Amino acid sequence: MRGTWLIGVLVVSLSGCGVVIDRVAHRADAPSPVASPRPTSSAAPTPPAAEMGPTIAQARQALREWVGRYNATLRKRKWWNQNGLLDALFVEAALHEGVIERNHEIFGSKPEHRPIKVTGTPTIYLLRPERQRPIGEWFIVQATYKDTEGHARPHVLAFIRTPGQSFKLAVAAPMHWGRRMPKPRLDADGYITGMDTLAAGAVAHEYQNFWNNEKKEGASGYRLAKDSYSRKAFPAVHKGAYVAFAGHGSIFGFRTADGGSFFLFGMVNDPKHVNQVLSEALLVPQGSRTIQELGADWFS
């Protein structure tokens, strides 16, 4: 495994924001953040445009650059054993996917990550730049590329960055066959509307309760749809070496055009013993308490 890991619990509830952070995994050997000096002037300086969040064009460019770095990394021998390579590409649940590749090597399995060749024009989902902070700059993208079985398939991904850093992948999920991303509620400039953060937290905890089989279903106020991927996958997965999920990373999402909510996040085990990652792309229709799964991926 990848050294010592810690879980930091950060509860954020900001009206109109597009990200909720509940439990985020961090490297224990990562340097402590350095506090920036306070400006001497009583008036706060106006941040440069580059620090106000990316534009849609910049997000597209960031995706292209990340795919290039990702594909180059996969050509390096045993890339999953090099912390620097992992840290340059991944954060949160996606970072654990790289860690789990070490288990595949131990048990003689081939790496499951494959080079990405995006086909068509990706769709970018982006909050207005002034609404990006203080959580961090992020965007969601739907892009079509081959899955691990070689089938061209739409995927939904979330990228996030901290000041001075490049965008890194936080979570990715292939869309289920026959499912489509919902249309977002857009403003006049084409930016998405932030999600309901209280609903986002409740939905994520319902999934944790379901997979851990700890609490009565629906305790969060929400319930998984009868035809959900998790209902079909859980009985088979639970018979194997399943370890309960300790929490989830950032929840990315937006309000849909018809008044519903879209959520994207990844769940992980206790990072000290992580051996599974589950990513979920979910839709809660307007006025409904039923969670529909649009996409999901089990990585173990």
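Everything numeric in this text was worked out from a predicted model, so none of it was measured.
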- Message: Please evaluate residues D227 and R179 with respect to the criterion salt bridge (charged side-chain N to carboxylate O under 4.0 Å, His left out), reporting the C-alpha separation (whole Å), side-chain torsions for both, the decisive distance (0.1 Å), and the verdict.
- Response: CA-CA 12 Å; D227 62 349; R179 294 285 191 171; 3.6 Å; yes

- Query: Atom CD of E217 and atom CG of N209: how far apart are they, to the nearest 0.5 Å?
  - Reply: 10.0 Å

- Message: So H205 and F210, do their side chains get closer than 4.5 Å, heavy atoms only?
- Response: no

- Task: For Y125 and F254, run ring-ring contact (aromatic ring centres under 6.0 Å, His included): C-alpha distance rounded to whole Å, both residues' side-chain angles, the deciding distance at 0.1 Å, then the answer.
- Result: CA-CA 9 Å; Y125 303 87; F254 53 79; 5.2 Å; yes

- Without hydrogens or angle criteria, can the side chains of S230 and E293 be said to hold a donor-acceptor pair below 3.5 Å? yes

Determine all donor-acceptor pairs shorter than 3.5 Å in which one atom belongs to a side chain in residues 149-157; sequence neighbours excluded.
residue: R153; atom: NE; partner: M175; partner atom: O; Å: 2.8
residue: R153; atom: NH1; partner: D147; partner atom: OD2; Å: 3.4
residue: R153; atom: NH2; partner: M175; partner atom: O; Å: 3.2
residue: H155; atom: ND1; partner: R153; partner atom: O; Å: 2.8

- Do S220 and E206 have side-chain N/O donor and acceptor atoms under 3.5 Å apart? yes

- Query: Is any side-chain heavy atom of D87 less than 4.5 Å from a side-chain heavy atom of L95?
  - Reply: yes

- Query: Have Q286 and S261 got a donor and an acceptor in their side chains that come within less than 3.5 Å?
  - Reply: no

- Item | Y207 and W211 aromatic centres sub-6.0 Å | no

- Message: Please confirm whether the ring centroid of W138 lies under 6.0 Å from the ring centroid of F159.
- Response: no

- Query: Would you call the rings of W79 and F90 parallel, tilted or perpendicular if under 30° counts as parallel and over 60° as perpendicular?
  - Reply: tilted

- Task: Apply side chain to side chain donor-acceptor pair (under 3.5 Å) to S300 and list each qualifying residue two or more places apart in sequence or on a separate chain.
- Result: W298

- Test side chain to side chain donor-acceptor pair (under 3.5 Å) applied to Q61 - qualifying residues, sequence neighbours left out: R64, E65

- Just by distance, with hydrogens left out, do H248 and Q208 show a side-chain donor and acceptor under 3.5 Å apart? no

- Side chain proximity check, K168 to I160, heavy atoms < 4.5 angstrom: no

- Message: Which heavy atom of L264 sits nearest to which heavy atom of V171, and what is that distance?
- Response: CG-CG1, 3.7 Å

- Task: Please examine the side chains of R69 and L89, heavy atoms only from C-beta on, and report whether any two atoms are closer than 4.5 Å.
- Result: yes

